[in-house]
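Let me begin by presenting the structure, written as structure tokens, before commenting on it.
All values reported here derive from a predicted model rather than from experimental measurement. This chain uses plain numbering: 1 for the first residue, then up along the sequence. Every number for a ligand or one of its atoms is a count from 1 in the order of the listing.
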Amino acid sequence: MKRNRLKKDRDRETGKVNGFSTNHIERQIPPEAHTSMYVWHKYWSRKTWNVVGEYIKTYCPEGGIVLDPFAGSGITAMEALKNNRRAIVCDLNPIATEIIRLTIKPVKEKDLHEAFSRVEERVRKKIESLYLTTCRDCGEEFPFTCAIWESNKCLEIRYQTCPKCGGTCRADCELNDYDYKLLKKIESSKIKGWYPENKFYYPDGMPFKEKQQYDSVDELFTKRNLQALAWLMDAIEEEPSKGLRDFLKIGFSSVSHLCSRLLAEGRPGYRPFSGVGWNQQSYWYTPRYMESNVWDKFESAIKGHQGLLKAKVESNKKFKDIKIGSSFEQVISGNADVFIYNGSCIDLMKKMPVSYSMGSFLICGFHG
Ligand SMILES: [Zn+2]
């Protein structure tokens, strides 16, 4: 009793409980901009990294463990690791846990670059053959940037710069005979390769979200883009190293929505090529939409200014010596720095003895 009282007094004097600070955060924390490693893959409701970091530093002692049962894209895990804490994180969504794993896992930039070049060698020309058009000024043949569709009709194609004469076609560029012929050829051929046909329904036939225009995943894409994506995935699957294949696949997933029919047309005269993306949690039906060039999107997913390679330059430095464990026990025993669990947090926490949830744990669910 005496010892406890003394410890309590000491804690009160130092503002600490069990050795860590109880000086609560009662101030505004100005958000800092997200850097490359936080933006290479879109995810819902990402939280500002430095705000999460402040909470971790305040409420979890150095060397302690942060548990996030709703990890999302893993800001909590990353901030814990950056600040010398360990982390056990969990999410139901396999894309979420894969984003976390591949943001943390180091990869040699040169290896990733070469893997991308091998995919490029295999499939770029083939994919670009689906988007060929001719320059409206000089007749040169090259792939366009995007097409504008309304319902089932392709109305316009757009390109930035003709490689021969420098001509541009940024809006109101109707299809010419060449474009109609190519489109007819694509529409009349069968898609080669695998693509997902999963229904947007639970097994009992109920839609998982409010019913919109489409019934299954493949319907979210034009036939041209479905073919391009199927070829691209085949070319990625040919990559012999599983480690590099995983990085290329998450690069693919980071732009697949940008290759879908969910992309509203950019306002004329304003962002004519990039569109506005989707802004609702349900899949979103827009009657007038952009059809992006799949190769362009994939290339920017890997090599672009918000791409994976740039993110890895940053995260390779931040997580150089981090060990990703294969069980939560490894994190608790200090043999790993992070455990990423894909599944229900209820299942995970049932496996964790009660004593583990005491002591140096900070349990939080920031989402995103
Ligand atoms: Zn030209």
Side-chain angles (χ1 to χ4, degrees), residues 113 116-189 191-192 221-232 235 251-252 254-277 286-307 309-310:
H113 199 278
F116 171 80
S117 299
R118 284 192 290 274
V119 171
E120 182 171 25
E121 184 65 30
R122 280 179 211 123
V123 80
R124 178 178 186 156
K125 277 223 158 66
K126 200 162 134 181
I127 290 177
E128 285 186 340
S129 74
L130 299 171
Y131 304 94
L132 289 177
T133 188
T134 51
C135 174
R136 298 319 191 244
D137 298 319
C138 75
E140 176 78 356
E141 189 182 79
F142 56 87
F144 62 78
T145 309
C146 68
I148 306 299
W149 287 68
E150 191 153 342
S151 298
N152 290 318
K153 199 170 177 334
C154 186
L155 302 177
E156 285 176 34
I157 67 115
R158 294 176 181 179
Y159 54 85
Q160 313 252 25
T161 316
C162 164
K164 195 174 172 191
C165 77
T168 66
C169 187
R170 299 174 70 88
D172 303 325
C173 195
E174 283 176 18
L175 275 67
N176 61 21
D177 289 348
Y178 184 102
D179 301 327
Y180 279 120
K181 228 169 118 183
L182 176 62
L183 198 57
K184 209 174 154 195
K185 194 179 142 202
I186 292 166
E187 293 296 332
S188 62
S189 37
I191 293 175
K192 295 175 195 77
F221 301 88
T222 60
K223 195 167 179 188
R224 169 159 42 203
N225 278 11
L226 208 53
Q227 176 62 84
L229 290 163
W231 279 339
L232 178 55
F252 177 104
S254 76
V255 288
S256 48
H257 65 291
L258 299 176
C259 302
S260 77
R261 298 157 98 169
L262 305 178
L263 202 65
E265 180 201 8
R267 258 187 5 236
Y270 169 78
R271 300 176 72 196
F273 296 102
S274 58
V276 291
T286 169
R288 197 176 159 94
Y289 56 88
M290 293 209 315
E291 179 189 41
S292 309
N293 177 319
V294 163
W295 181 260
D296 285 356
K297 291 294 168 198
F298 182 64
E299 187 172 36
S300 76
I302 305 295
K303 290 164 76 174
H305 70 280
Q306 288 193 350
L309 270 164
K310 203 170 166 208

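Taking every heavy atom of both residues into account, Ile157 and Cys169 meet most closely at O-SG, 3.9 Å.
Using a 4.5 Å heavy-atom cutoff, the side chains of Tyr289 and Thr222 are in contact.
Here Arg136 does not pair with Asp172 in a salt bridge; the nearest charged N to carboxylate O distance is not below 4.0 Å.
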* Could you please spell out the steps behind the ring-ring contact (aromatic ring centres under 6.0 Å, His included) verdict for Trp295 and Phe116? => CA-CA 12 Å; Trp295 181 260; Phe116 171 80; 5.6 Å; yes
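Other residues, nucleotides and ligands contribute over 12 non-hydrogen atoms within 6.0 Å of the CD atom of Glu150.
Around the Zn ion (ligand 1), the protein atoms of type N, O or S found under 2.8 Å away are Cys135 SG, Cys138 SG, Cys162 SG, Cys165 SG, listed by chain and number.
No hydrogens or angles considered: a donor-acceptor pair under 3.5 Å links the side chains of Glu291 and Trp149.
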